[in-house]
Amino acid sequence: MRDIALKTETWMPMERTHRGGVEGGVTGSRQGRWGMIRPKQPASRPSGPVYSMRVVVLVSGRGSNLEALLAADLPVRFAAVISNRPDAGALSIAEAHGIPTWVEDHTVHPSRASFDDALSGQIERHKPDLVVLAGFMRVLGDAFVRRYAGRMINIHPSLLPSFPGLRTHAQALEAGVRLHGATVHYVTPTLDHGPIIVQGAVPVLPADTPEALAARVLAVEHRIYPQAVRWIAQGAVRLGADGRVAFELPDARAAEAGAFIAPAPDGM
Ligand code: GRF
C-alpha cells in the first residue's frame, strides 16, 4: 500500500501564473498530491514575529481549529496541513491560506502501521518542530507517538482526564457535570491522556443538548489552541524530562483566571 501512496505522489508547488491561472491542481482525488495555492503566508517580516518554528497540522474534518490557528497571527510557519480524509473541509482552508496540503487516506492502507509510516514520511518532508493535531480523528500507533514525543499536541473537547474518547459532550451531559470544556495536551501513547498544557471551562446549562454544549466548548477551543501554540513557539511551555509540562509563565498568570463556579453562587 505504501507503494501506491508513493506512486501517486507528485510534488505540485502550484503557483499562480502571470495569467492568473493555477499550475497543477487539486482536482479529483487529493490522495497523493501536494497542493499550494496563493502564497499568503509571509516568508519573513521586517518587524514582528520571527517565523522560526515549523508546524505541520494534521486534520480530518471541517477545520475550525485550523482556521483559529491561522487567524491568530502566530509566530510560526505552517509548513503543511495533512488530512487522512480527502473530503476534509480543513484542506480548502489550508489551500486558501497558501499552505501545502496532503491527503494520506487511511482507507488505502492495510494496517495502522502502514498508515503511520506513510504519514510520518510525509510529515518529515517538512521537518516540523511541532505537530499539531486539530480534529485529527485517527488513533496513532505507539511508535509514531514516541517519534514525536514532546513535539506533538492535541486538542480534546473535554476537561481531561474526564471523558476521553468520542461523544464527549453527550458523556458530560450523562454524567451531570456542571463544568465541561476543552484540553490541549502533549500526545502520549495513551489516548487522550498526555500532559496538560491548558484547559478552558464552560458551564453546562440545564437545557443543553450535546450540540449546544459542543458549540460552547468549540468557542473555547478556538481560544486555547492558538494560545498553547504561541506559548510553545515562545518557549514559555515545553514538556520536561520528567514528563510534566514546564511553564516559564509566572504563577500569577494562572491565578488571574480565578475560580469558575457553575451555577454561580449567590451574590456573584
Ligand atoms: C474539535 O472539537 C476537536 O476538539 C476535536 O474534533 C473537533 C474538530 O473540529 N478533536 P474542527 O475540525 O477543528 O472544526
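Counting convention: from 1, in listed order, for ligands and their atoms alike. All values below come from the heavy atoms of this structure, side chains included, with hydrogens, waters and symmetry mates left out.
A parallel orientation is assigned to the rings of F136 and F115, their planes being inclined by less than 30° (bins at 30° and 60°).
Nearest protein heavy-atom contact of atom 3 (C) of ligand 1 is E221 OE1, 3.2 Å. Shortest contact from atom 8 (C) of ligand 1 to any protein heavy atom: G135 CA, 3.6 Å. Closest protein heavy atom to atom 10 (N) of ligand 1: I155 O, 3.4 Å. Taking atom 5 (C) of ligand 1 as the reference point, the nearest protein heavy-atom neighbour is P157 CD, 4.0 Å. Of all protein heavy atoms, the one lying nearest to atom 12 (O) of ligand 1 is G63 N, 2.9 Å. Looking only at protein heavy atoms, the nearest one to atom 9 (O) of ligand 1 is R62 NH2, 3.3 Å.
The ring pair (Phe, Tyr, Trp, His ring centres under 6.0 Å) search around F163 returns none, not counting sequence neighbours. Judged as a side-chain hydrogen bond (donor to acceptor under 3.5 Å, both in side chains), and not counting sequence neighbours, the contacts of N84 are S60, H106.
Ring-centre distance between H156 and H185: not below the 6.0 Å cut-off.
Counting only heavy atoms from C-beta outward, the side chains of H169 and V217 approach each other to under 4.5 Å.
No N or O atom of H156 sits closer than 3.5 Å to an N or O atom of ligand 1.
The pair E67-R62 fails the salt-bridge criterion, with no side-chain N (NZ, NE, NH1 or NH2) lying under 4.0 Å from an Asp/Glu carboxylate O.
Under a 4.0 angstrom heavy-atom cut-off, A90 registers as lying outside contact with ligand 1.
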